[in-house]
Amino acid sequence: MTDWGRLHHAYGTAEDIPGLLDAVRPDPKDPGWEALWSRLCHQGTVYPASYAALPALTEMARRWSVADRQMPLALAGSIVASTDQPFGDDDPQVAYASQISELAQLTEEALQDPEHTADSGTYVHLLGTLLSFQGIEVWSEELDGLNDEEYEVPCPSCATENFIVLGEHGFFSTTDGMYMKPSAAAKQVPLRPRDPAALEGIGRKLHSRALTDGYPDVAHRLTYVFGDAQCAECDVAFSVEEAIISRQY
């Protein structure tokens, strides 16, 4: 039995967590989710109460239908993926191994449900959540850049921030954060995608999975994420993947 009064979250004692967990509903707009997220994973920081909530979030995801479980899976995934642990260095993959294994299975079920993943945005969210439970660092948190259709990364040579744009507005690097405006005049340098046959490691795994799951548009964008860019300021070429990873360390 968890003694919530002995644990704390972002705002103090965790005595309010059981009530919030009991009251929250599947609707992503339920204010209970904002309350739970701000307490248990505040701006990416986790607390002793965060890990203690994993069994309840697992039970919630198990009990709710495939179509309703996205929010408990997403919150649990963010807690597990967080490396901002100012109150200890517990490894949830060890302490909560059984729950995380079940959460991964529940996420796989959601990924296989065509109605639940009818749009690529939901698919990418769930795929990133699955990576969290699989212990794959960086991409469990960074995959959502595919939905945002941009990554902001520093040039490894001159440190200038570059926007790596991939989607509706094209596939290019630029230093202009307002590149989507018709009046934008800053230089836009085309990205160089990786040949799918040349992808390796996590890039190959994600690309292959997106194709298998029926999301060719996601797979296409991944060839740019794991390809190369050119700094729009100093013209030095660099790996987009390495630039994204560098933001985490």
To the closest 0.5 Å, what do you measure between [atom1] ([X]) and [atom2] ([Y])?
{"X": "Leu199", "Y": "Arg194", "atom1": "CG", "atom2": "CZ", "value": "7.0 Å"}
{"X": "Leu57", "Y": "Leu73", "atom1": "CG", "atom2": "CG", "value": "9.0 Å"}
{"X": "Gln43", "Y": "Ser38", "atom1": "CD", "atom2": "OG", "value": "10.0 Å"}
{"X": "Ser239", "Y": "Ile244", "atom1": "OG", "atom2": "CD1", "value": "8.0 Å"}
{"X": "Gln188", "Y": "Tyr179", "atom1": "CD", "atom2": "OH", "value": "9.5 Å"}
{"X": "Arg6", "Y": "Thr2", "atom1": "CZ", "atom2": "OG1", "value": "12.0 Å"}

Ion pair Asp176/Lys187, N-O distance below 4.0 Å: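 No salt bridge links Asp176 with Lys187.
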Indicate yes or no: at least one non-hydrogen side-chain atom of [X] is less than 4.5 angstrom from one of [Y].
{"X": "Leu106", "Y": "Val66", "result": "no"}
{"X": "Val24", "Y": "Leu20", "result": "no"}
{"X": "Ile79", "Y": "Leu40", "result": "yes"}
{"X": "His125", "Y": "Leu143", "result": "no"}
{"X": "His9", "Y": "Ser50", "result": "no"}
{"X": "Leu146", "Y": "Leu222", "result": "yes"}
{"X": "Val80", "Y": "Leu54", "result": "yes"}
{"X": "Leu127", "Y": "Val124", "result": "no"}

Do the side chain of [X] and the main chain of [Y] share a donor and acceptor less than 3.5 angstrom apart?
{"X": "Asp119", "Y": "Thr122", "result": "yes"}
{"X": "Asp27", "Y": "Lys29", "result": "yes"}
{"X": "Arg221", "Y": "Ala219", "result": "no"}
{"X": "Asp213", "Y": "Tyr215", "result": "no"}
{"X": "His207", "Y": "Gly203", "result": "no"}
{"X": "Ser140", "Y": "Ile136", "result": "yes"}
{"X": "Ser132", "Y": "Ala81", "result": "no"}

*Distance only, no hydrogens: is a donor on one side chain within 3.5 Å (strictly under) of an acceptor on the other, for Tyr151 and Glu142?*
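Per modelled atom types, Tyr151 and Glu142 side chains form no pair under 3.5 Å.
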Would Glu241 and Val225 count as a side-chain contact (heavy atoms from CB on, under 4.5 Å) here? Give the steps.
CA-CA 6 Å; Glu241 175 189 10; Val225 173; 5.7 Å; no
State plainly whether one hydrophobic cluster holds both [X] and [Y], where clusters connect Ile, Leu, Val, Met, Phe, Trp and Tyr through side-chain heavy atoms under 4.5 angstrom apart.
{"X": "Ile202", "Y": "Val240", "answer": "yes"}
{"X": "Phe172", "Y": "Met180", "answer": "yes"}
{"X": "Leu211", "Y": "Leu130", "answer": "no"}

Test ring-ring contact (aromatic ring centres under 6.0 Å, His included) applied to [X] - qualifying residues, sequence neighbours left out:
{"X": "Tyr96", "answer": "none"}
{"X": "Phe171", "answer": "His220, Tyr224"}
{"X": "Phe226", "answer": "Trp139"}

Could you pull out the closest heavy-atom pair between [X] and [Y], with the gap in Å?
{"X": "Trp4", "Y": "Ala49", "result": "CZ3-O, 3.8 Å"}
{"X": "Ser120", "Y": "Asn147", "result": "O-OD1, 4.0 Å"}
{"X": "Thr174", "Y": "Ala186", "result": "OG1-CB, 3.9 Å"}
{"X": "Thr129", "Y": "Gly77", "result": "CG2-CA, 4.4 Å"}
{"X": "Thr223", "Y": "Pro196", "result": "CG2-CG, 4.1 Å"}
{"X": "Phe238", "Y": "Cys231", "result": "CE2-N, 3.6 Å"}

- Message: Show, in sequence, the C-alpha distance, side-chain angles and deciding distance for Leu191 and Asp228, and conclude whether the side-chain contact (heavy atoms from CB on, under 4.5 Å) test is met.
- Response: CA-CA 6 Å; Leu191 301 176; Asp228 295 312; over 6 Å; no
Hey, could you give me each pair passing side chain to side chain donor-acceptor pair (under 3.5 Å) that has a residue in residues 100-110? Not counting sequence neighbours.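 Counting only pairs at least two positions apart or across chains, the side chain to side chain donor-acceptor pair (under 3.5 Å) contacts touching residues 100-110 are Arg62-Glu102, Arg69-Glu109, Glu108-Arg209.
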**Report entry** Working for side-chain contact (heavy atoms from CB on, under 4.5 Å), residues Gln99 and Phe133
**Finding:** CA-CA 10 Å; Gln99 286 85 3; Phe133 300 137; over 6 Å; no
Tell me whether Glu59 at atom CD has more than 12 heavy atoms from other residues, nucleotides or ligands lying less than 6.0 Å away.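 More than 12 within 6.0 Å, yes.
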With a 3.5 Å cut-off and sequence neighbours excluded, list the donor-acceptor pairs that the side chains of residues 157-165 form with protein atoms.
residue: Asn162; atom: OD1; partner: Ala232; partner atom: N; Å: 2.9
residue: Asn162; atom: ND2; partner: Thr160; partner atom: O; Å: 3.1

May I have all residue pairs that pass ring pair (Phe, Tyr, Trp, His ring centres under 6.0 Å) and include part of residues 47-78, sequence neighbours excluded?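 Ring pair (Phe, Tyr, Trp, His ring centres under 6.0 Å) check on residues 47-78 returns Tyr47-Phe87.
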### Message
Could you walk me through whether Met178 and Lys181 satisfy the side-chain contact (heavy atoms from CB on, under 4.5 Å) test, starting with their C-alpha distance in whole Å, then the side-chain angles of each, then the deciding distance to 0.1 Å, before giving a yes or no?
### Response
CA-CA 6 Å; Met178 300 303 292; Lys181 299 291 185 181; 3.3 Å; yes
